S.K.: 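Pasting in a structure now, in structure tokens, and then I'll have a few things to ask.
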There are 2 protein chains.
Amino acid sequence: MPRSGLEARRRLQQAALELYRERGFDQTTTAEIAARAGVNERTFFRHFPDKREVLFHGEADLRAELMRSVAEAPDGLQPLDILLRAFREAGRILEENRPFSEPRLEVIAKTPALRERELAKAASLTEAVAEALRQRGVADRLAGLAAQTGWAAFHQAAGAWIDDPSANLDAHLSRAFDDLRALSATSTG
Amino acid sequence: MPRSGLEARRRLQQAALELYRERGFDQTTTAEIAARAGVNERTFFRHFPDKREVLFHGEADLRAELMRSVAEAPDGLQPLDILLRAFREAGRILEENRPFSEPRLEVIAKTPALRERELAKAASLTEAVAEALRQRGVADRLAGLAAQTGWAAFHQAAGAWIDDPSANLDAHLSRAFDDLRALSATSTG
DNA sequence: AATGTGGTGTCGGTCACTGACACAACGCGA
DNA sequence: TCGCGTTGTGTCAGTGACCGACACCACATT
């Protein structure tokens, strides 16, 4: 039966996403997911530590892409510009996987337990980005704030892109980062 | 046995905090918490929806204070200035409850499951602040971003204040919001 | 005294998640 | 070709979070 495990993992992710959409996260049991994927329930927990994590596996790719982009950004850019660049590039992962990204984000948005996990992932990712910025010499406190505000803009852009696919993710990102600048520009300080 | 229920709830919170510190969150069962509080396990779940929530009950006070402050801020202030004002005022709750919050924050910091819940609480609170800003006429997207960046600054200031109590929270807040403005001011846009 | 209400104990059950053990498929060297 | 370790899997027997239903008890109201 076992070939590489990758096959089963993919089927489990697919089955989970389908079932979460069909009857909701809370009304789906791990046994059902496993059954649809054609494996044993125990196998589910061999591939994913819990019922939520099955929807958060591509995160490693996004993380790697973000880190790479931040590290390789040209000198002379300001923190927020580095991040806009990085999110543009990493965003391609979302755009290329849209058929998977869209229902996934939909389910997450309507399930508190999944939103909690998403926030945790975001926090971890944000901290990694902040560290990457520090590696580039961005001041300590500034790096943390930049990463969090940048992520807030990215998250908002991603949501807007889901709601309005007529514009591409880049356009939404530009607008979100413009808002960010407007926010501080108009502040009295 | 039942007097008002408030008594049991307080004992449950106390027992939970103690046990989470003594043997850790994961190694504590709800039955043990209930036993130490002198009530039945079922009663625990009548007062708190789950094992984590028992540590997140004062949140309502902070939320109420923030909402009030945002709503009552004088006209003419920019979003970030409204928030700085609000966090200054709400921050007093933290300063007054420092001796109680400290062990609680300690447990949360070292327990992933509790950190997840904390992030969820922060997100909910942030969304409430955003809505309060919108009520004041702040543009839709801007309100969301302002609330999140403002919260990021507040969170960073609170952390700095825990690590360095020599300066008061206000000072840390001022510095964080200055950083925020510096972030966008130097961006090319 | 009758009645209502809210907090509680008890019981039975579902389901997420785990440890232990055995088995099947593959890769690889002998 | 045969053994052999490695890896993915199935099975079984748990533990513990959490819920629905019902009965009971303290207290307030009338």
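Reckoned from all heavy atoms, side chains included, excluding hydrogens, waters and symmetry mates. Chain naming here is simple, since letters A, B, ... match the order of the sequence lines and numbering starts at 1 in each. From a predicted model like this one, the values you see are computed outputs, not experimental measurements.
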S.K.: Could you tell me if B/R104 sits above the aromatic ring of B/F56, with its cationic atom closer than 6.0 Å to the ring centre and no more than 45 degrees from the axis?
M.R.: yes
S.K.: Please confirm whether any donor atom in the side chain of A/R42 sits under 3.5 Å from an acceptor in the base of C/dG19, or the reverse.
M.R.: yes
S.K.: What is the separation between atom CZ on A/R10 and atom C1' on D/dG8, rounded to the nearest whole Å?
M.R.: 17 Å
S.K.: Taking OP1 and OP2 of D/dA17, is either one under 4.0 Å from a side-chain nitrogen or oxygen of B/T30?
M.R.: yes
S.K.: So does B/R46 reach the base of C/dG9 with its side chain, donor to acceptor, closer than 3.5 Å?
M.R.: yes
S.K.: To the nearest Å, how far apart are B/D50 CG and D/dG16 C1'?
M.R.: 14 Å
S.K.: Tell whether A/R9 reaches the base of D/dG8 with its side chain through a donor-acceptor pair below 3.5 angstrom.
M.R.: no
S.K.: Among the nucleotides C/dC17, D/dC18, C/dC15, which one has an atom lying closest to any side-chain atom of A/E41?
M.R.: C/dC17
S.K.: Which value, rounded to the nearest 0.5 Å, describes the distance between A/T29 atom OG1 and A/K51 atom NZ?
M.R.: 7.5 Å
S.K.: Take the C1' atoms of the five end pairs on each side of the helix from C/dA1-D/dT30 to C/dA30-D/dT1, get both axes, and report the angle to 10 degrees.
M.R.: 10°
S.K.: Roughly, in whole Å, what's the span from CZ in A/R117 to C1' in C/dA16?
M.R.: 13 Å
S.K.: Tell me the interatomic distance from B/I33, atom CD1, to D/dC18, atom P, rounded to whole angstroms.
M.R.: 10 Å
S.K.: Can you tell me if A/H172 uses its side chain to pair, donor with acceptor, with the backbone of A/D164 under 3.5 Å?
M.R.: yes
S.K.: Can you say whether the rings of A/F154 and A/F87 are parallel (under 30°), tilted (30 to 60°) or perpendicular (over 60°)?
M.R.: parallel
S.K.: When the distance from CZ of A/F45 to P of D/dG14 is rounded to whole Å, what number comes out?
M.R.: 19 Å
S.K.: Think B/H47 has a side-chain N or O under 4.0 angstrom from the OP1 or OP2 of C/dT8?
M.R.: yes
S.K.: Can you tell me the distance, in whole Å, between the CG atom of B/L114 and the C1' atom of D/dA17?
M.R.: 14 Å
S.K.: What's the CG-C1' distance between A/N40 and D/dG8, to the nearest Å?
M.R.: 12 Å
S.K.: In this structure, how many angstroms lie between the P atom of C/dC17 and the NZ atom of A/K51, rounded?
M.R.: 8 Å
S.K.: For D/dT15, does OP1 or OP2 lie under 4.0 Å from any side-chain N or O of B/T29?
M.R.: no
S.K.: If you link I, L, V, M, F, W and Y whenever their side-chain heavy atoms are under 4.5 Å apart, who else ends up in the same group as B/L119?
M.R.: A/L119
S.K.: Could you walk me through whether B/S174 and B/R88 pass the side-chain hydrogen bond (donor to acceptor under 3.5 Å, both in side chains) check?
M.R.: CA-CA 9 Å; B/S174 298; B/R88 266 198 224 280; 3.2 Å; yes
S.K.: Run the numbers on B/E32 and B/R36 for salt bridge (charged side-chain N to carboxylate O under 4.0 Å, His left out), then give the verdict.
M.R.: CA-CA 6 Å; B/E32 288 169 342; B/R36 181 171 295 200; over 6 Å; no
